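None of these values were measured; they are calculated from a predicted model. Just the heavy atoms: all of them, side chains too, but no hydrogens, waters or symmetry mates, feed the values below.
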Amino acid sequence: SLTSYTYSDLQISQQLTTDRANSSASKVAVSFQLENSGKVAGKDTPQLYLSFPAAAGEPLRQLKGLRKAHLAAGAKTTVTFSLTSRDVSIWDVARHGWKEVSGTFGVAVGSSSCDLRLNGSFAL
């Protein structure tokens, strides 16, 4: 991109869901402000990475979402990612199925895995 972007105001909110059978129901919403802080219009692709609790034995970070944003110079937008039950689950070999993980999850947002600009966490 020929412009620059500012990431700010990370918000993480948990959604109350009573439908445990519906793995596509949103459990956690992650949102932030994306601003084209440059002098020309451009495109950016913010990415959301999730870190599982250490006891889960998962890789350090997992890509859980990306959004494409086209912004005019100086424009702002709110970018929102919704994490589902499946996003916070691991494959249980013994059960031969997905198992939701409990504990504290790390959240990182940025333009790539090497450029993470916002960090936060939530507990399940």
Side-chain angles (χ1 to χ4, degrees):
S1 180
L2 298 175
T3 192
S4 56
Y5 293 89
T6 303
Y7 290 59
S8 63
D9 195 26
L10 180 67
Q11 301 288 321
I12 301 171
S13 60
Q14 291 181 250
Q15 313 292 315
L16 295 176
T17 178
T18 56
D19 186 4
R20 296 190 80 48
N22 183 359
S23 64
S24 65
S26 177
K27 289 198 70 76
V28 177
V30 177
S31 63
F32 65 96
Q33 291 294 311
L34 177 66
E35 179 181 6
N36 179 343
S37 50
K39 297 182 184 207
V40 296
K43 295 178 185 176
D44 193 33
T45 307
Q47 301 173 12
L48 171 73
Y49 291 88
L50 194 61
S51 299
F52 279 73
E58 290 295 289
L60 178 63
R61 271 187 215 98
Q62 294 181 20
L63 177 64
K64 292 296 181 175
L66 55 91
R67 298 280 185 275
K68 293 185 180 192
H70 183 269
L71 293 173
K76 287 184 184 181
T77 190
T78 299
V79 177
T80 302
F81 295 98
S82 294
L83 296 172
T84 66
S85 179
R86 175 75 182 272
D87 291 322
V88 295
S89 297
I90 59 174
W91 184 257
D92 185 330
V93 176
R95 283 185 12 191
H96 300 288
W98 292 100
K99 178 178 126 184
E100 196 170 300
V101 175
S102 296
T104 300
F105 289 79
V107 172
V109 175
S111 62
S112 76
S113 63
C114 297
D115 184 12
L116 298 172
R117 302 177 189 192
L118 300 173
N119 294 286
S121 64
F122 63 90
L124 290 179

Student: Indicate yes or no: at least one non-hydrogen side-chain atom of Leu48 is less than 4.5 angstrom from one of Leu83.
Tutor: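 They are in contact (side-chain heavy atoms under 4.5 Å apart), so the answer is yes.
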Student: Among residues two or more places apart or on two chains, list those pairs meeting ring pair (Phe, Tyr, Trp, His ring centres under 6.0 Å) that have a residue in residues 105-124.
Tutor: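 Output for this query lists Phe52-Phe105, Phe105-Phe122.
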Student: Donor-acceptor pair, Asn36 side chain versus Leu71 backbone, under 3.5 Å?
Tutor: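 At least one qualifying donor-acceptor pair exists.
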Student: Determine which pairs satisfy side-chain hydrogen bond (donor to acceptor under 3.5 Å, both in side chains) with at least one residue from residues 45-59, sequence neighbours left out, and list them in order.
Tutor: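 Only Gln47-Tyr49, Glu58-Gln62 qualify under side-chain hydrogen bond (donor to acceptor under 3.5 Å, both in side chains).
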Student: Would you check if the side chain of Gln11 reaches a backbone N or O of Thr80 as a donor-acceptor pair within less than 3.5 Å?
Tutor: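 No; judged by distance alone, with no hydrogens or angles, the pair does not exist.
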Student: Take Val109 and Leu116 through the test side-chain contact (heavy atoms from CB on, under 4.5 Å) and record every step on the way to the result.
Tutor: CA-CA 5 Å; Val109 175; Leu116 298 172; over 6 Å; no
Student: Which atoms form the tightest heavy-atom contact between Asp87 and Ser82, and what is the distance?
Tutor: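 Minimum heavy-atom contact is OD2-O, 3.8 Å.
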Student: Can you find a pair of side-chain heavy atoms, one from Ser111 and one from Tyr5, that are under 4.5 Å apart?
Tutor: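 In short, these two side chains do not touch, never coming nearer than 4.5 Å.
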Student: Mind checking the CD1-NZ spacing from Ile90 to Lys99? Nearest 0.5 Å is all I need.
Tutor: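 Here the rounded value is 5.5 Å.
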Student: Answer yes or no: is there a donor N or O on one side and an acceptor on the other, between the side chain of Ser37 and the main chain of Ser4, under 3.5 Å?
Tutor: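 Pair found, side chain donor or acceptor close to backbone of Ser4.
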Student: Which pair of heavy atoms, one from Ser121 and one from Thr104, lies closest together, and at what distance?
Tutor: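 For Ser121 and Thr104, the tightest heavy-atom pair comes out as CB-CG2, 4.0 Å.
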Student: Counting C-beta onward and ignoring hydrogens, is there a side-chain heavy-atom pair between Val107 and Lys64 closer than 4.5 Å?
Tutor: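 Heavy-atom side-chain distance check fails, nothing below 4.5 Å.
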Student: Heavy-atom distance under 4.5 Å between the side chains of Glu100 and Val88, does that happen here?
Tutor: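 Side chain of Glu100 against side chain of Val88, heavy atoms only: contact under 4.5 Å found.
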Student: Any chance you could measure Leu66, atom CG, to Lys68, atom NZ, to the nearest 0.5 Å?
Tutor: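 Result: 7.5 Å between the selected atoms.
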Student: Output the distance between atom NZ (Lys27) and atom OG (Ser13), rounded to the nearest 0.5 Å.
Tutor: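 Reported to 0.5 Å precision, the distance equals 13.0 Å.
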Student: Can Trp98 and Ser85 be said to form a side-chain contact (heavy atoms from CB on, under 4.5 Å), step by step?
Tutor: CA-CA 9 Å; Trp98 292 100; Ser85 179; over 6 Å; no
Student: Nearest 0.5 angstrom please: Asp9 CG to Glu35 CD, how far?
Tutor: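 Answer rounded to 0.5 Å: 12.0 Å.
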Student: Phe32 and Thr78: side-chain contact (heavy atoms from CB on, under 4.5 Å), yes or no, with the steps?
Tutor: CA-CA 6 Å; Phe32 65 96; Thr78 299; over 6 Å; no
Student: What's the separation between atom NE2 in His96 and atom CH2 in Trp91, rounded to the nearest 0.5 Å?
Tutor: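 One finds 8.0 Å between NE2 of His96 and CH2 of Trp91.
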Student: About how many Å separate CG of Leu10 and OG of Ser31, when rounded to the nearest 0.5 Å?
Tutor: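 Here the interatomic distance stands at 7.5 Å.
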Student: Do Pro53 and Val101 make a side-chain contact, defined as non-hydrogen atoms from C-beta onward lying under 4.5 Å apart?
Tutor: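 Answer yes - side chains close enough.
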Student: Kindly indicate, with the supporting measurements, whether the criterion side-chain contact (heavy atoms from CB on, under 4.5 Å) is fulfilled by Leu63 and Arg61.
Tutor: CA-CA 7 Å; Leu63 177 64; Arg61 271 187 215 98; over 6 Å; no
